[in-house]
Amino acid sequence: MTPESSAYHQDENLTKLAQLAQGVFRLSSPERNWMFYGSEHPKEKIFNLYQIFSQLRTNFSQKNASFLDCGSGNGLVTLIASLAGFEKVYGIEKNRPLFLEAQKNLSYCQEQNLLRNNSIYFFNASYYQLVNHHKDVVASCLQELNNFYEQDGIFYSSSFLEYAQALLKEKNRSLKKMVENYLFPPTNNNNLKDSALLENGQLTADFVYIYPADLFFSRVFLPQIAKLLKKEAFLGILSPADDKSEAQEDLFRKKEEIKLSATPASLVLSIFQKR
């Protein structure tokens, strides 16, 4: 591809991206299941994500590179990754209204011929359903929930049970059942294990993107995703600049940080690679 045709291709994609944004935001609702952070992709920032994902795609020498968005919301980030050059993209979202919104956005993009390919898959599931040893994960989350209550729960509720009910938005269950239902919702799609996402107990994705939306991420899910990633795969964690999630150095190599200015808080995309 010549420099002239490459520039044309880039301009064409930016035009498509603007149309994608216009179409997606026609029905976009607040990310109502995100309890701890606001949306990571206000309309004016999606061009930044497109440019970042395009650059990240060049890190992979293989002909086909795959992208996984853990907690894909209305599907916008997943669709941007497809437009940016990832040949196969996946999104996992446990909130059913948001999952259905993502399906509508995908249909819109296909009808408008905005995407290069149709290798785009959305799952109505919790990304915790990817992990093994569910009982151990539940136990770890119960301990983490207790740690959070000891740190700041007294300011919000008079008991640990009330605190857990407020955070997990459930009542009339035991603490263990509440956590199990939060991590592994029984009504969600349980076919992740049979999908192309997993092979011999490992994720096939070359790049995994996540904007942490729960209090268990850093100490519970991050070590689990480290076990699931294949060697040399990349992990991108988007966090508020003053509250960055850091991966353990023995599991990942820190590659770079990319700052995105956003309102009300600046965001940082931290890129790690599996050792």
Side-chain angles (χ1 to χ4, degrees), residues 17-50 52-53 56 66-84 86 88-110 114-115 119-130 167-169 182-185 187-189 192 195 197 203 205 207-217 221-222 225 235-240 243 245 260 262-265 267-270:
L17 189 65
Q19 189 176 349
L20 183 155
Q22 183 179 5
V24 168
F25 279 92
R26 79 198 184 284
L27 52 77
S28 183
S29 56
E31 315 281 13
R32 51 193 171 276
N33 65 325
W34 289 359
M35 299 156 56
F36 300 98
Y37 304 116
S39 172
E40 89 274 31
H41 47 65
K43 185 182 294 188
E44 67 272 14
K45 298 306 171 191
I46 65 172
F47 289 94
N48 299 56
L49 286 174
Y50 167 77
I52 290 168
F53 292 161
L56 289 170
S66 55
F67 178 101
L68 168 62
D69 183 2
C70 290
S72 50
N74 67 4
L76 181 57
V77 168
T78 314
L79 297 170
I80 291 172
S82 177
L83 189 58
F86 284 91
K88 186 174 287 187
V89 296
Y90 303 90
I92 300 175
E93 175 54 54
K94 74 174 183 176
N95 181 285
R96 186 154 184 83
L98 286 174
F99 163 76
L100 294 175
E101 197 171 302
Q103 296 282 54
K104 291 179 182 178
N105 288 331
L106 173 59
S107 296
Y108 168 82
C109 291
Q110 290 171 334
L114 299 181
L115 302 172
S119 297
I120 301 169
Y121 308 91
F122 287 109
F123 297 92
N124 183 205
S126 164
Y127 50 71
Y128 284 91
Q129 289 172 281
L130 293 168
L167 283 179
L168 304 180
K169 298 183 178 180
Y182 175 81
L183 299 176
F184 313 111
T187 56
N188 278 182
N189 185 329
L192 289 178
S195 72
L197 260 177
L203 282 171
F207 186 86
V208 176
Y209 169 90
I210 186 166
Y211 186 49
D214 71 48
L215 70 172
F216 306 125
F217 174 77
F221 186 69
L222 193 49
I225 198 74
L235 173 69
I237 305 174
L238 188 69
S239 304
D243 187 26
S245 295
L260 290 84
T263 303
L267 300 172
V268 173
L269 180 63
S270 300

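Quick caveat, the model's predicted, so the values are computed rather than measured.
- With contacts defined as side-chain heavy-atom distances shorter than 4.5 Å, the pair Ile225/Ile210 does not qualify.
- Here the closest heavy-atom approach between residue Ser126 and residue Ile92 is recorded as C-CG2, 4.0 Å.
- Nearest heavy-atom pair across Gly73 and Ala102 is O-CB, 3.8 Å.
- A cation-pi geometry, defined here as NZ or CZ lying under 6.0 Å from the six-membered ring centre and within 45° of its normal, does not hold between Lys169 and Tyr182.
- No side-chain heavy atom of Tyr211 sits less than 4.5 Å from a side-chain heavy atom of Val77.
- In this structure, Leu76 and Asn105 have side chains that are not in contact, with every pair of non-hydrogen atoms separated by 4.5 Å or more.
- Of all heavy-atom pairs between Glu93 and Asn124, the closest is O-ND2, 3.0 Å.
- Here the closest heavy-atom approach between residue Gly236 and residue Leu269 is recorded as C-CD1, 3.9 Å.
- Shown here for Asn95 and Pro97, the closest heavy-atom pair between the two residues is OD1-CD, 3.0 Å.
- Taking every heavy atom of both residues into account, Ile80 and Leu49 meet most closely at CG2-C, 4.1 Å.
- For the pair Asp69/Val89, no side-chain contact is recorded, criterion being any heavy-atom separation below 4.5 Å from C-beta on.
- With rounding to the nearest 0.5 angstrom, the OG atom of Ser72 is 8.5 Å from the CG atom of Leu98.
- Using bins of under 30°, 30° to 60° and over 60° for the plane-to-plane angle, the ring pair Tyr90/Tyr121 lands in the parallel bin.
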Kindly indicate, with the supporting measurements, whether the criterion ring-ring contact (aromatic ring centres under 6.0 Å, His included) is fulfilled by Phe99 and Phe122.
CA-CA 7 Å; Phe99 163 76; Phe122 287 109; 7.2 Å; no
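- Ring geometry for Phe67 versus Tyr209: interplanar angle under 30°, hence parallel rather than tilted (30 to 60°).
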